[in-house]
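As structure tokens, the structure follows; a few thoughts come after it.
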Amino acid sequence: MTSSKVPALAARIERFPIAGSFTISRGAKTEAVTVVAEVRRNGLTGRGECVPYPRYGETPEATLAAIQAMQEAVAGGLSREALQAAMPPGAARNALDCALIDLEAKATGLRAWNLLDRPVPGERTTAFTISLGTPEAMAAATAEAAHRPLLKIKLGGDGDAQRIAAVRKAAPESELIVDANEAWTEANLEQNLAACDAVGVTLVEQPLPAGKDGALARIKRPLAVCADESVHDRKSLAPLRERYDAVNIKLDKTGGLTEALAMADAAQALGFEIMIGCMVATSLSMAPAMLVTPQARFVDLDGPLLLARDRDHGLRYDDSLVYPPDTSLWG
């Protein structure tokens with residue numbers, strides 16, 4: 001049982017080295033910094049992991065403090081439903097939401113998907129990310145991953161036409177999706193979309209900065225465009241219908257699996273295709289996201305594949321196939 005010696009809520013910052021480095025248009029990093037929440041009740045412990053994202057003004061320290069500030073509420077029996085109103089969307093709520101789901105699954109003896117009345121997830125092909133670099137460096141990295149059926153290519157603005165052409169030459173058979181991470185401009189938007197279309201890219205993710213993406217509604221888009229930084233939760237969906245064809249759902253943006261599943265339902269009702277995405281993190285972050293995969297056209301849950309080491313009892317990855325979690329990990 002929970003006692004004064006065993007707090008109802010514990011949280012900590014954890015760091016996992018990345019294999020090499022991970023580079024996007026906003027910079028590079030060599031480690032994944034995560035925050036883990038653990039909720040304890042009646043001898044059981046539920047876990048959730050989040051990744052604070054500086055793009056949204058989040059830091060590991062502030063996220064940790066936000067979780068710890070919920071200690072009294074959690075000790076008082078905070079429910080997952082009450083959590084949605086008690087905290088804003090974001091990384092901190094995600095860790096707590098997933099921890100509460102994990103705890104409830106353990107308490108009821110149900111798998112998380114049965115608990116939430118969702119389809120049983122099966123194995124899915126995940127994208128594998130190629131970091132931003134010179135055309136030559138990206139071609140070399142792509143050549144090593146050319147056996148993978150789905151590659152996600154990070155682009156960054158000037159020179160992207162050369163980068164994507166080099167990548168396609170190195171992986172002639174792989175399906176390609178592109179992520180510009182807000183690095184394009186109205187001036188080069190159509191040129192870069194055309195370059196992607198010319199080599200058979202399936203999807204371009206967040207080409208323009210959030211809030212400055214109106215041009216997407218004014219041009220003829222030659223291929224599907226997906227919102228990432230422009231979309232967070234259900235409230236942000238409706239204004240995007242003229243600009244985007246798909247939305248990238250990430251639990252760290254939605255504030256947990258509870259909102260992510262509701263958002264997936266709402267997005268499908270509005271006619272969006274769905275990508276389920278991730279930050280660079282361990283399998284504890286990926287496990288809840290697997291519950292969204294039955295609704296997703298694109299699965300991008302390769303975070304653990306980019307790490308030098310994953311946590312114990314991590315998800316099973318068979319090359320690019322990712323499998324649902326065992327109970328030893330989550331849910």
Side-chain angles (χ1 to χ4, degrees), residues 24-26 55 125 127-132 135 138-139 142 149-250 253 263-277 292 295-300:
I24 66 173
S25 61
R26 281 187 288 271
R55 168 64 178 80
T125 295
F128 181 81
T129 302
I130 304 297
S131 286
L132 177 65
M138 293 181 72
T142 300
L150 179 62
L151 297 177
K152 179 171 180 174
I153 313 303
K154 292 289 188 177
L155 295 181
D158 292 340
D160 278 350
Q162 291 74 33
R163 290 185 181 99
I164 196 61
V167 162
R168 171 51 84 199
K169 186 175 181 180
E173 302 300 325
S174 301
E175 182 177 14
L176 301 182
I177 56 180
V178 156
D179 188 0
N181 283 115
E182 305 180 281
W184 294 356
T185 66
E186 286 193 33
N188 64 28
L189 173 64
E190 291 184 271
Q191 175 186 350
N192 283 335
L193 286 175
C196 289
D197 185 48
V199 298
V201 169
T202 301
L203 181 84
V204 171
E205 200 178 335
Q206 198 66 43
L208 298 176
K212 299 180 180 178
D213 51 5
L216 290 168
R218 300 191 296 269
I219 66 169
K220 182 177 175 61
R221 300 189 295 271
L223 68 163
V225 178
C226 178
D228 183 0
E229 288 85 353
S230 287
V231 68
H232 294 263
D233 56 12
R234 280 175 289 176
K235 295 177 182 177
S236 60
L237 285 170
L240 303 180
R241 282 182 289 181
E242 300 302 317
R243 285 170 270 172
Y244 293 97
D245 310 288
V247 293
N248 189 342
I249 297 174
K250 293 177 179 174
K253 293 189 300 180
M263 181 179 172
D265 293 342
Q268 283 190 318
L270 290 171
F272 289 109
E273 286 194 312
I274 293 171
M275 173 188 290
I276 178 64
V292 187
Q295 293 171 272
R297 163 66 176 86
F298 300 97
V299 174
D300 179 24

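As the structure is a prediction and not an experimental result, all values here were calculated from the model.
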Indicate yes or no for a side-chain donor-acceptor contact from [X] to the backbone of [Y] under 3.5 Å, with no hydrogens or angles considered.
X    : Y    : value
E182 : A210 : yes
R168 : V199 : yes
R241 : F272 : no
K253 : D228 : yes

At what distance, to the nearest 0.5 angstrom, does [atom1] of [X] lie from [atom2] of [Y]?
X    : Y    : atom1 : atom2 : value
L151 : T142 : CG    : OG1   : 6.5 Å
L270 : D265 : CG    : CG    : 11.0 Å
Q295 : Q268 : CD    : CD    : 4.5 Å
N181 : K154 : CG    : NZ    : 4.0 Å
I177 : C226 : CD1   : SG    : 8.0 Å
I164 : L155 : CD1   : CG    : 5.5 Å

Could you name each residue pair satisfying ring pair (Phe, Tyr, Trp, His ring centres under 6.0 Å) that touches residues 185-210, not counting sequence neighbours? none
So side-chain hydrogen bond (donor to acceptor under 3.5 Å, both in side chains) across residues 191-207, not counting sequence neighbours, yields K152-E205, E175-T202, N188-N192, E205-N248, Q206-S230, Q206-Y244
Distance-minimising heavy-atom pair for [X] and [Y]:
X    : Y    : result
V225 : P207 : CG1-CD, 3.7 Å
V299 : L150 : O-CD2, 4.1 Å
M263 : D233 : SD-CA, 3.6 Å
A166 : A139 : O-CB, 3.9 Å

Answer whether the closest heavy-atom distance between the side chains of [X] and [Y] falls below 4.5 Å.
X    : Y    : answer
L203 : R297 : no
V231 : L237 : yes
R163 : L132 : yes

Could you list all the salt bridge (charged side-chain N to carboxylate O under 4.0 Å, His left out) pairs where at least one residue sits in residues 213-222, not counting sequence neighbours? E186-R218, D213-R243, R221-D245
